[in-house]
Amino acid sequence: MSEFPWNAASATGVGSHPGEDHVEALRMVFGELPDLPYLPELPARGVGADTVGRTASLLVDMPVEVQPSGWRFADRPGRDVRRARDHLARDLDALEEIAQGFEGRLKIQVCGPWTLAGAVELRYGDKTLADLGAVRDLADSLAEGLAVHLAAVRARVPGAEVILQLDEPGLPGVLAGTVPTASGFGRLPPVEPPVAAERLRAVLPAGTFTIVHCCAQDVPFEVLRNAGAGAISLDASLLRRRDEERIGEAIEAGTALFMGVVPGTDSRLADLGVTAKPAVELWRRLGFAPSRLAEQVVLTPSCGLAGASPAYARAALARCREAARVLSEDPEHTSR
């Protein structure tokens, strides 16, 4: 029996999908990824369907609105928040219908607090990230809103074990001090790793298996582990040999890896052995028992699929599902 809440040799997606048909996107996900489906996001639907607006609409007592520069905190909820909540409500209605009778693992995704703080502006115009007190308030509000959202998902799909993914592509820049100010003429100061881990920890809900997704270089493995993430999701094509010691430490500590091995935009798909090869070879180099590979590694596209065609999105998910089965085969065979 695996110690992780999914079957061995599983695959899933990162989150976003192309187009505006949320019902068809859900059908695709449940059809192609029956072992670990997820609630897809369709940013092409417009304001509030993007990951920042969608997540900001979950915040409690911190309303937002869209300005020419992007999302900004507001005095009261307006049409932009209503639009985001309407998108999410329709998605949950469709999920309840399509997942009727479903029993198994179900993944949902929201934007993480640091990436959100780097994207949403304060009322006076600077980014939330410029004020660590405001970041703390945002993280606490997000944690409260997430509890409500998780309860709503569980009520719609009572047979599901819900897994939460926080998207933190902006976290490496937060730690490195490369996030631009609202004016674009400066850079915000770097955040210390213990502070970054503390704010993430405050958002990750107890009793729910959590993944942190970071499809950027310099994934902060130690920060994510210290925050309590059960799994780290990354783009395998961006990994470098110097990352492997930190990856090995995370795996040894029991952290799972969600490895992006299929391009997120239309391209020619490699055969199954080549698709699975980054995971198989990494595992072999690190010297872990082959029997753990299919349990501790889940295959995904490299990032979201919003920039892909619908046909490619379907093919990419199918290729991840098929390649994941290779992980449970003889690693010597699959690496040739």
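The figures here come from the full heavy-atom set of this structure, side chains too, leaving out hydrogens, waters and symmetry mates. The model shown is predicted, which means the values in this text are computed figures rather than measured ones.
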S.K.: Could you give the distance from CZ (R292) to CD (E3), rounded to the nearest 0.5 Å?
M.R.: 7.0 Å
S.K.: Is there a side-chain contact between F4 and V298 in this structure, where contact means two heavy atoms from C-beta onward sitting under 4.5 Å apart?
M.R.: no
S.K.: List the atom of T255, the atom of Q296, and the distance in Å for their closest heavy-atom pair.
M.R.: O-NE2, 2.9 Å
S.K.: Set out, in order, the CA-CA distance, both residues' side-chain angles and the distance that settles salt bridge (charged side-chain N to carboxylate O under 4.0 Å, His left out) for R319 and E322, then state yes or no.
M.R.: CA-CA 5 Å; R319 184 53 47 93; E322 294 158 355; 3.4 Å; yes
S.K.: Are the side chains of L269 and Y312 in touch, meaning some heavy atoms are under 4.5 Å apart?
M.R.: yes
S.K.: Stepwise, does the side-chain contact (heavy atoms from CB on, under 4.5 Å) test hold for V64 with D80?
M.R.: CA-CA 8 Å; V64 293; D80 298 327; over 6 Å; no
S.K.: Is a donor on one side and an acceptor on the other found under 3.5 Å between the side chain of T55 and the backbone of V110?
M.R.: no
S.K.: Check whether any side-chain N or O of Q109 sits under 3.5 Å from a backbone N or O of L39 as a donor-acceptor pair, and report yes or no.
M.R.: yes
S.K.: For the residue pair L166 and T210, establish whether any side-chain heavy-atom pair is separated by less than 4.5 Å.
M.R.: no
S.K.: Enumerate donor-acceptor pairs with a distance under 3.5 Å from any side-chain N or O in residues 227-241 to protein atoms, sequence neighbours excluded.
M.R.:
{"unit_1": "S233", "atom_1": "OG", "unit_2": "H213", "atom_2": "ND1", "d": "2.8"}
{"unit_1": "D235", "atom_1": "OD1", "unit_2": "S237", "atom_2": "N", "d": "3.0"}
{"unit_1": "D235", "atom_1": "OD1", "unit_2": "S237", "atom_2": "OG", "d": "2.8"}
{"unit_1": "D235", "atom_1": "OD2", "unit_2": "S237", "atom_2": "OG", "d": "3.3"}
{"unit_1": "R240", "atom_1": "NH2", "unit_2": "D218", "atom_2": "OD1", "d": "2.6"}

S.K.: Looking at W283 and A289, would you say the former's side chain and the latter's main chain have a donor-acceptor pair under 3.5 Å?
M.R.: yes
S.K.: Using a cut-off of 6.0 Å, state whether more than 12 heavy atoms not belonging to E245 lie near its atom CD.
M.R.: no
S.K.: State plainly whether the residues R83 and D86 are in salt-bridge range, i.e. N to O under 4.0 Å.
M.R.: no
S.K.: Would you please classify the geometry between the F209 ring and the W6 ring as parallel, tilted or perpendicular, with 30° and 60° separating the classes?
M.R.: perpendicular
S.K.: Decide if atom CD of E222 counts as having more than 12 heavy atoms of other residues, nucleotides or ligands within a radius under 6.0 Å.
M.R.: no
S.K.: Is L257 close to I251 at the side-chain level, that is, under 4.5 Å between some pair of heavy atoms?
M.R.: yes
S.K.: Which atom names give the shortest non-hydrogen contact between C111 and L142, and what distance separates them?
M.R.: O-CD2, 3.8 Å
S.K.: For the residue pair V148 and L58, establish whether any side-chain heavy-atom pair is separated by less than 4.5 Å.
M.R.: no
S.K.: Would you call the rings of F102 and F30 parallel, tilted or perpendicular, taking 30° and 60° as the class edges?
M.R.: perpendicular
S.K.: Return all side-chain donor-acceptor pairs below 3.5 angstrom for residues 189-197, not counting sequence neighbours, or 'none' if the list is empty.
M.R.:
none

S.K.: Mind listing the closest non-hydrogen atom pair of L122 and A134 along with its distance?
M.R.: CD2-CB, 3.8 Å
S.K.: A side-chain contact here means heavy atoms from C-beta on lying under 4.5 Å apart; do K127 and P180 qualify?
M.R.: yes
S.K.: Hey, does the side chain of R85 reach the backbone of S57 with a donor-acceptor pair shorter than 3.5 angstrom?
M.R.: yes
S.K.: Give a yes or no on this: more than 12 heavy atoms of other residues, nucleotides or ligands lie within 6.0 Å of atom CD of E144.
M.R.: no
S.K.: When you look at R54 and D167, which way does the salt bridge (charged side-chain N to carboxylate O under 4.0 Å, His left out) test go after all the steps?
M.R.: CA-CA 12 Å; R54 188 178 181 91; D167 292 327; over 6 Å; no
S.K.: Given side-chain contact (heavy atoms from CB on, under 4.5 Å), test F288 with L293 step by step and report yes or no.
M.R.: CA-CA 8 Å; F288 290 112; L293 172 59; over 6 Å; no
S.K.: Would you say R76 has more than 12 foreign heavy atoms packed within less than 6.0 Å of its CZ?
M.R.: no
S.K.: In terms of side-chain geometry, is the basic nitrogen of E198 or R201 positioned less than 4.0 Å from the acidic oxygen of its partner?
M.R.: no
S.K.: Compare every heavy atom of T128 with every heavy atom of V135, then report the nearest pair and how far apart it is.
M.R.: CG2-O, 3.5 Å
S.K.: What residue among R90, R154, R156 forms salt bridge (Lys or Arg N to Asp or Glu O under 4.0 Å) with E96?
M.R.: R156
S.K.: Does the pair Y38 and I108 meet the rule for a side-chain contact (heavy atoms from CB on, under 4.5 Å), with working shown?
M.R.: CA-CA 6 Å; Y38 56 96; I108 62 172; over 6 Å; no
S.K.: Looking at F185, I want to see if its CZ is surrounded by more than 12 non-hydrogen atoms of other residues, nucleotides or ligands under 6.0 Å.
M.R.: no
S.K.: A279 and V297: which non-hydrogen atoms are nearest, and at how many Å?
M.R.: CB-CG1, 4.1 Å
S.K.: According to a hydrophobic-cluster definition based on side-chain heavy atoms being under 4.5 Å apart (Ile, Leu, Val, Met, Phe, Trp, Tyr only), do F73 and V60 belong together?
M.R.: no
S.K.: With side-chain contact (heavy atoms from CB on, under 4.5 Å) as the criterion, how do R123 and D75 come out once you've worked through the C-alpha distance, each side chain's angles and the decisive distance to 0.1 Å?
M.R.: CA-CA 8 Å; R123 289 184 182 88; D75 293 328; 3.1 Å; yes
S.K.: For a quick test of your reading: what N or O donor-acceptor pairs under 3.5 Å do the side chains of residues 8-16 make, sequence neighbours left out?
M.R.:
{"unit_1": "S10", "atom_1": "OG", "unit_2": "N7", "atom_2": "O", "d": "2.6"}
{"unit_1": "T12", "atom_1": "OG1", "unit_2": "L36", "atom_2": "O", "d": "2.8"}
{"unit_1": "S16", "atom_1": "OG", "unit_2": "L305", "atom_2": "N", "d": "3.2"}
{"unit_1": "S16", "atom_1": "OG", "unit_2": "A306", "atom_2": "N", "d": "3.2"}

S.K.: With rounding to the nearest 0.5 Å, note down the distance linking OG1 in T275 to CE in M259.
M.R.: 12.0 Å
S.K.: With hydrophobic residues grouped by side-chain heavy-atom distances under 4.5 Å, do V153 and L42 end up in a single group?
M.R.: no
S.K.: Inspect the surroundings of CD in E97 and state if more than 12 heavy atoms from other residues, nucleotides or ligands are less than 6.0 Å away.
M.R.: no
S.K.: How about R285: does its CZ atom have over 12 heavy atoms from other parts shown lying under 6.0 Å from it?
M.R.: yes
S.K.: Which heavy-atom pair separates M62 from L138 by the least distance, and what is that distance?
M.R.: SD-CA, 3.8 Å
S.K.: Using a 3.5 Å distance criterion without hydrogens, assess whether the side chain of T300 forms a donor-acceptor pair with backbone atoms of F258.
M.R.: no
S.K.: Hey, does the side chain of T265 reach the backbone of G307 with a donor-acceptor pair shorter than 3.5 angstrom?
M.R.: no
S.K.: Are the side chains of L146 and V203 in contact, using a 4.5 Å heavy-atom criterion?
M.R.: yes
S.K.: Given side chains that start at C-beta, do those of P113 and E168 come closer than 4.5 Å, heavy atoms only?
M.R.: yes
